[in-house]
Trainee: 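What follows is a single structure, and I will ask about it in a moment.
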Amino acid sequence: MKLSPQEKAEHRAIFRQLTPAKKLDHILTYYKIPLILLAFALIVLGDVCWRHFTKKETLLYAAYSNVAVGEELDRALTEDFIAYLGENPKKNQVQVYRELYLSSDPSTENHQYAYASRLKLLATIQAQEIDLVLMNQEAYDFLSGEGYLAELPPLLDSALAVRLEPLLTANTVILEDNSIELTLNEADAYEAVTEEAVNALTVNGLPLFQDAGFPGPVYLGVIGNTPRLPAVLEYLEYLLDA
């Protein structure tokens, strides 16, 4: 019910005469729900503002597969690349999927981990949120065989192709096979139609990787459906210049 001006004045006078404790009790009794809604709105607004002002733009998505990358090299592969581009590291990032384990060997001790990594890989590829993979031979064989890696020469301009030519590496791509039939016991032996593709760089000899302590060859591949090809090519130039 709407109060008259006289009634409102009387209520204000009574409220002013209350002790601080009774004033607080009165406010909580009659204005609890509006206060809760106001507090909730302020929390949501604060969260939105915090996310807006702290969110970083992802310049590249990368993955480390079957390789242990130390802190110093990790910093060189992420933060130093952002500095190389002249971008603000507080507003930009290279997002890395670490400890991605890939294997085509079903008998491996880490079979469940490999299966989970494969699902994660497929999800990131479908979402176009992975551009580069740093990997060992086993992961390289898997990614190449599945056709996930882009053939590099068509992506490179002439100047960059000349600089990267000593690092270019070829591997097998499986065009079709009878793995399903073999699993269902409908075939006696594995058969596949394959081709060779130049789809990775052997990076061990680059200054950035020489002291990394990798036990074997390490490769860098580009995921075939990357939507950030200009940034990928800048990254390859950075690796040469670092």
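Start at 1 with the first residue, then count along the sequence.
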Trainee: Is there any ring-ring contact (aromatic ring centres under 6.0 Å, His included) pair reaching into residues 117-145, and which pairs are they, with sequence neighbours excluded?
Mentor: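 Pairs touching residues 117-145 that pass the test: Tyr140-Tyr219.
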Trainee: Any side-chain to backbone donor/acceptor pair from Asn225 onto Ile125? Under 3.5 Å, distance only.
Mentor: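 Yes; judged by distance alone, with no hydrogens or angles, the pair exists.
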Trainee: Please tell me whether Val222 and Leu102 are part of a single hydrophobic cluster in this structure, the criterion being side-chain heavy atoms less than 4.5 Å apart.
Mentor: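 Per the 4.5 Å side-chain linkage, Val222 and Leu102 are not co-clustered.
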Trainee: Under the side-chain contact (heavy atoms from CB on, under 4.5 Å) test, which residues partner Glu195, sequence neighbours left out?
Mentor: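 In terms of side-chain contact (heavy atoms from CB on, under 4.5 Å), with neighbours along the sequence ignored, Glu195 is linked to Val173, Leu175.
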Trainee: Partners of Glu146 by salt bridge (Lys or Arg N to Asp or Glu O under 4.0 Å), sequence neighbours excluded?
Mentor: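 With neighbours one apart ignored, the set is Arg118.
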Trainee: Tell me if a side-chain donor or acceptor on Thr226 pairs with a main-chain N or O of Ile223 at a distance below 3.5 Å.
Mentor: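 Pair absent, no side-chain N/O of Thr226 close to backbone of Ile223.
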Trainee: Under a single-linkage rule joining Ile, Leu, Val, Met, Phe, Trp and Tyr whose side-chain heavy atoms are separated by less than 4.5 Å, which residues share a cluster with Tyr115?
Mentor: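 Its cluster partners, ordered by chain and number, are Leu119.
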Trainee: Throw together a table of side-chain donor-acceptor distances under 3.5 angstrom for residues 148-155, partners on residues two or more places apart or in other chains.
Mentor:
none

Trainee: Take Leu121 and Leu143 through the side chain to side chain contact (heavy atoms under 4.5 Å, CB included) test and state the conclusion after the steps.
Mentor: CA-CA 10 Å; Leu121 174 72; Leu143 290 170; 3.5 Å; yes
Trainee: Identify, with sequence neighbours excluded, every residue that meets side-chain hydrogen bond (donor to acceptor under 3.5 Å, both in side chains) alongside Tyr235.
Mentor: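 If we apply the side-chain hydrogen bond (donor to acceptor under 3.5 Å, both in side chains) test to Tyr235, skipping adjacent residues, there are no hits.
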Trainee: What residues form a side-chain contact (heavy atoms from CB on, under 4.5 Å) with Ala242, not counting sequence neighbours?
Mentor: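 Expected list: Leu208, Tyr238.
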Trainee: Working to the nearest 0.5 angstrom, can you tell me the gap between Gln128 CD and Arg228 CZ?
Mentor: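 Here the interatomic distance stands at 7.5 Å.
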Trainee: Do Leu220 and Leu233 sit in the same hydrophobic cluster, where Ile, Leu, Val, Met, Phe, Trp and Tyr count as joined when their side-chain heavy atoms come under 4.5 Å apart?
Mentor: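 Shared cluster, yes.
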Trainee: For Glu72, give me all partners under side-chain contact (heavy atoms from CB on, under 4.5 Å), at least two apart in sequence or on another chain.
Mentor: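 Once residues adjacent in sequence are excluded, the partners of Glu72 under the side-chain contact (heavy atoms from CB on, under 4.5 Å) criterion are Arg75.
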Trainee: Please enumerate all residues that pass side-chain hydrogen bond (donor to acceptor under 3.5 Å, both in side chains) together with Asp74, with sequence neighbours excluded.
Mentor: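 Counting only residues at least two positions away or on another chain, Asp74 forms a side-chain hydrogen bond (donor to acceptor under 3.5 Å, both in side chains) with Tyr64, Arg98.
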Trainee: Under a 3.5 Å distance rule, please check whether Asn199 uses its side chain to pair with a backbone N or O of Ser144 as donor and acceptor.
Mentor: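 Between the backbone of Ser144 and the side chain of Asn199 there is no qualifying donor-acceptor contact (under 3.5 Å).
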Trainee: Give a yes or no answer on whether the side chain of Ser65 reaches the backbone of Leu100 with a donor-acceptor pair at less than 3.5 Å.
Mentor: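 Here the side-chain-to-backbone pair exists.
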Trainee: For Glu138 and Ser103, test the side chains for any donor-to-acceptor distance below 3.5 angstrom and give the result as yes or no.
Mentor: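 Side-chain D/A pair, Glu138 to Ser103: present.
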Trainee: Side-chain donor-acceptor pair under 3.5 Å between Thr194 and Thr172, yes or no?
Mentor: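 No - no donor-acceptor pair under 3.5 Å links their side chains.
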Trainee: Please identify each residue that fulfils side-chain hydrogen bond (donor to acceptor under 3.5 Å, both in side chains) with Asp141, with sequence neighbours left out.
Mentor: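 With neighbours one apart ignored, the set is Gln137, Asn171.
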Trainee: Are the side chain of Asp131 and the backbone of Tyr61 linked by a donor-acceptor contact shorter than 3.5 Å?
Mentor: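 Indeed, once roles are kept as given, a pair shorter than 3.5 Å links the two residues.
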Trainee: Could you report the tightest heavy-atom contact between Pro166 and Arg163, atom names first, then the distance?
Mentor: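 Looks like CD-O, 3.5 Å.
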Trainee: Identify which one of Leu239, Val232, Leu77 satisfies the side-chain contact (heavy atoms from CB on, under 4.5 Å) criterion when paired with Leu132.
Mentor: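 Only one of Leu239, Val232, Leu77 forms a side-chain contact (heavy atoms from CB on, under 4.5 Å) with Leu132, namely Val232.
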Trainee: Check for me, please, whether Val96 and Leu122 land in the same ILVMFWY cluster - side-chain distances under 4.5 Å, paths through other members count.
Mentor: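 Each belongs to a different hydrophobic cluster.
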Trainee: Return the CG to CD distance between Leu160 and Glu237, rounded to the nearest 0.5 Å.
Mentor: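 It comes to 5.0 Å.
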Trainee: Mind checking the CG-CD spacing from Asn66 to Glu99? Nearest 0.5 Å is all I need.
Mentor: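 It comes to 11.0 Å.
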Trainee: Transitively linked via ILVMFWY side-chain contacts under 4.5 Å: Phe81 with Leu206?
Mentor: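 Looking at the clustering, Leu206 is in the same group as Phe81.
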Trainee: Among Val218, Thr169, Leu236, which one satisfies side-chain contact (heavy atoms from CB on, under 4.5 Å) with Leu201?
Mentor: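 With Leu201 as partner, Val218, Thr169, Leu236 yield a single side-chain contact (heavy atoms from CB on, under 4.5 Å), made by Leu236.
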Trainee: By side-chain contact (heavy atoms from CB on, under 4.5 Å), which residues pair with Asn92, not counting sequence neighbours?
Mentor: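 Residues passing side-chain contact (heavy atoms from CB on, under 4.5 Å) with Asn92: Glu57, Leu59, Ile82, Glu87, Asn88.
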Trainee: Distance-only, no hydrogens or angles: does the Lys56 side chain make a donor-acceptor pair with backbone N or O of Gln95 under 3.5 Å?
Mentor: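 A pair under 3.5 Å: no.
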Trainee: With rounding to the nearest 0.5 Å, note down the distance linking CG in Leu168 to OG1 in Thr202.
Mentor: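 Going from CG on Leu168 over to OG1 on Thr202, the span is 8.5 Å.
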Trainee: Consider only side-chain heavy atoms of I, L, V, M, F, W and Y, link residues closer than 4.5 Å, and tell whether Leu240 and Leu134 are in one cluster.
Mentor: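 Yes: a chain of side-chain contacts under 4.5 Å links Leu240 to Leu134.
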Trainee: What residues, two or more places apart in sequence or in another chain, satisfy side-chain hydrogen bond (donor to acceptor under 3.5 Å, both in side chains) together with Tyr84?
Mentor: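 With sequence neighbours excluded, Tyr84 shows a side-chain hydrogen bond (donor to acceptor under 3.5 Å, both in side chains) to Asp241, given in chain and number order.
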Trainee: Please say whether more than 12 non-hydrogen atoms of neighbouring residues, nucleotides or ligands are located less than 6.0 Å from CG in Asp157.
Mentor: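 Counting neighbours around CG of Asp157, more than 12 heavy atoms of other residues, nucleotides or ligands fall under 6.0 Å, so yes.
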Trainee: How far apart are the closest heavy atoms of Ile130 and Tyr97, and which atoms are they?
Mentor: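 For Ile130 and Tyr97, the tightest heavy-atom pair comes out as CB-CE1, 4.3 Å.
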